There are 2 protein chains.
Amino acid sequence: MDMQRKDIHSSEIPVVCRACEARHGGVCGALSPEQLVELSKHSTRKRLVAGTEVVGQGEDMGAFANIMRGVVKLTRMMPDGRQQIVGLQFAPDFLGRPFAEESPHSAETATDAEICTFPRQMLERLVGRTPDLEHKLYQQSLKELDEARDWMLTLGRKNAQEKVASFLFLIATHYDPETVDGSVFDLPLSRADIADFLGLTIETVSRQFTRLRKDGVIQIENNRHVIVPDIERLQHSAGID
Amino acid sequence: MDMQRKDIHSSEIPVVCRACEARHGGVCGALSPEQLVELSKHSTRKRLVAGTEVVGQGEDMGAFANIMRGVVKLTRMMPDGRQQIVGLQFAPDFLGRPFAEESPHSAETATDAEICTFPRQMLERLVGRTPDLEHKLYQQSLKELDEARDWMLTLGRKNAQEKVASFLFLIATHYDPETVDGSVFDLPLSRADIADFLGLTIETVSRQFTRLRKDGVIQIENNRHVIVPDIERLQHSAGID
DNA sequence: CGCTCTTTTGAAGAGCGTCAAGGCAAGTGG
DNA sequence: CCACTTGCCTTGACGCTCTTCAAAAGAGCG
């Protein structure tokens, strides 16, 4: 009977979604073919270069999005300019803060990225009708909450070396272009971004990179390319044990 | 018609829930009378003295709970003993991490408290059948995520004085026994807990209390009782302006 | 090759941590 | 009722880590 429904023309999964769904396990996975059709009518794919602001802190959020490729940083700023990156999002993460008028932070691409945006009301309507969708969104927010709290420990209780090692470990385990064991990768963030993520200055970040390199925990090529010979040694440097 | 349904015996709201529901706006508000009856059969109210561990980090969570009174601190610890409070929860917050076997952090009462516990599977079954319940849980996790990320800015980018002022401001605005404008209150945390929440030492916390007192931003009586003559001045000291 | 932007390196200083002593309030026992 | 203990908080002196300010060294690009 499911077979029959799939044969109905209007319930075919849209072409744009097909490749996406295959590669990722994002929130769209909770939607029926009909809902995907409806959503895809109002959604647009965008290619963004690194450093593009998707939504500003305190701004009205007209749209939500799914990250298809690249890294997006969530930043919170103080009136005097001090800023802190409060979250990093990777594909296939959902991007947005449902049920709020204003965004509590700004979202900016850290790397070149590709996102699939759709109107905010579109999603909120779908959420009301689709418990599975809300369930997926809830799961992601729980995951982000766990990660945020993990990072609070890093920010509050680790020293500079442990912070930098923690960041490298985070990237090695989350950002996985095509490496086998995550021991070779390109950093998606500049030194300035890393500093804003770790609550340090760029100078301190740079010094700790140098120190980890001299200690043989990592190798660095062209500032961005990192090789980790022994991931457990890095983990130990991060104080994760 | 609603009147008629209330008269049906099996759908009466349990006595234990009635007073609770009236006072709080917790997750139970999403449940039908029948579900409340079912839940209350398996739930137990507990009075806990300050410093009681509700669930340990990495432990199996047998039960979830609602906070009826008091403050619960969520703590994450490093292998060498360094620890960080990653969240404070007040009544009527929900306490627990759905869809995870182990708790990512320990939960301990900071003050004397009263909680209403129920088996984990009980809740997870109800969640599957009650979209409204999951919606409420989702809303709370979004709120906690916003708060956690706010605190990341405090931990990463504020100095000791701003951190302590931020903490006082948080308590003044969240913890509201019976004060009119939140300018007089008792601290729910010891100096050691405050230090663990702010990523500082108790000595630094103490020095900043003294400094804020000498500057006239706050008055302190008996270590725990705080008076804030001008909440906006405190807010300014916290760098929130 | 020269320009700009990013990253590294260096030297000096501030802020917070560490260690140690002392104060204060509540509880205990003679 | 008073000496003593205990737990929590405050204060002081000193040192270390990280920031700040400054300049040099790379990296990317026309």
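Since the model is a prediction, treat every value here as computed from it, not as a measurement. Heavy-atom basis, side chains included; hydrogens, waters and symmetry copies ignored. By convention in this document, chain letters (A, B, ...) are assigned in the order of the sequence lines, proteins followed by strands, and residues within each chain are numbered from 1.
Rounded to a whole Å, the CZ atom of Arg191(A) is 14 Å from the C1' atom of dC5(C). Between the P atom of dC18(D) and the NZ atom of Lys158(A) lies a distance of 14 Å, rounded to the nearest Å. Whole-Å rounding puts the Leu187(A) CG to dA27(D) P distance at 15 Å. Regarding Leu200(A), its CG atom lies at a distance of 16 Å from the C1' atom of dT7(C), rounded to whole Å. The CG-P distance, from Leu189(B) to dC9(D), rounds to 10 Å in whole Å. Rounded to an integer number of Å, the gap from NZ of Lys163(A) to C1' of dT19(D) is 12 Å.
With values rounded to the nearest 0.5 angstrom, Ile218(B) atom CD1 is found 5.0 Å from Leu168(B) atom CG.
Put simply, the side chain of Arg207(B) and the base of dG12(D) share a donor and an acceptor less than 3.5 Å apart. In terms of polar N and O atoms assigned as donor or acceptor, the side chain of Glu203(A) comes within less than 3.5 Å of the base of dC21(D) in a complementary pairing.
Looking only at distances, a side-chain donor or acceptor of Trp151(B) sits under 3.5 Å from a matching main-chain atom of Phe197(B).
With no hydrogens or angles considered, a side-chain donor-acceptor pair links Thr204(A) and Thr201(A) at under 3.5 Å. Side chains of Arg213(A) and Gln219(A): no donor on one and acceptor on the other come within 3.5 Å. No side-chain N or O of Arg157(A) forms a donor-acceptor pair with one of Gln83(B) less than 3.5 Å apart.
Picking from dC18(D), dT8(C), dT11(D) the nucleotide with the shortest atom distance to the side chain of Ser206(A) gives dT8(C).
Looking at residues 208-223 of chain A, you'll see Thr210(A), Asn223(A) sit with a heavy atom under 4.0 Å from some atom of DNA chain C.
Under the Watson-Crick and G-U wobble criteria, each requiring two contacts below 3.5 Å, nucleotide dG30(D) is paired to dC1(C).
Within the 4.0 angstrom heavy-atom criterion, no nucleotide atom of any strand lies near Ile202(B).
With respect to Glu144(A), the side-chain hydrogen bond (donor to acceptor under 3.5 Å, both in side chains) criterion is satisfied by exactly one of Gln89(A), Gln139(A), Arg149(A): Gln89(A).
A cation-pi arrangement, defined by a distance under 6.0 Å to the six-membered ring centre and an angle within 45 degrees of its axis, is present between Arg191(A) and Phe209(A).
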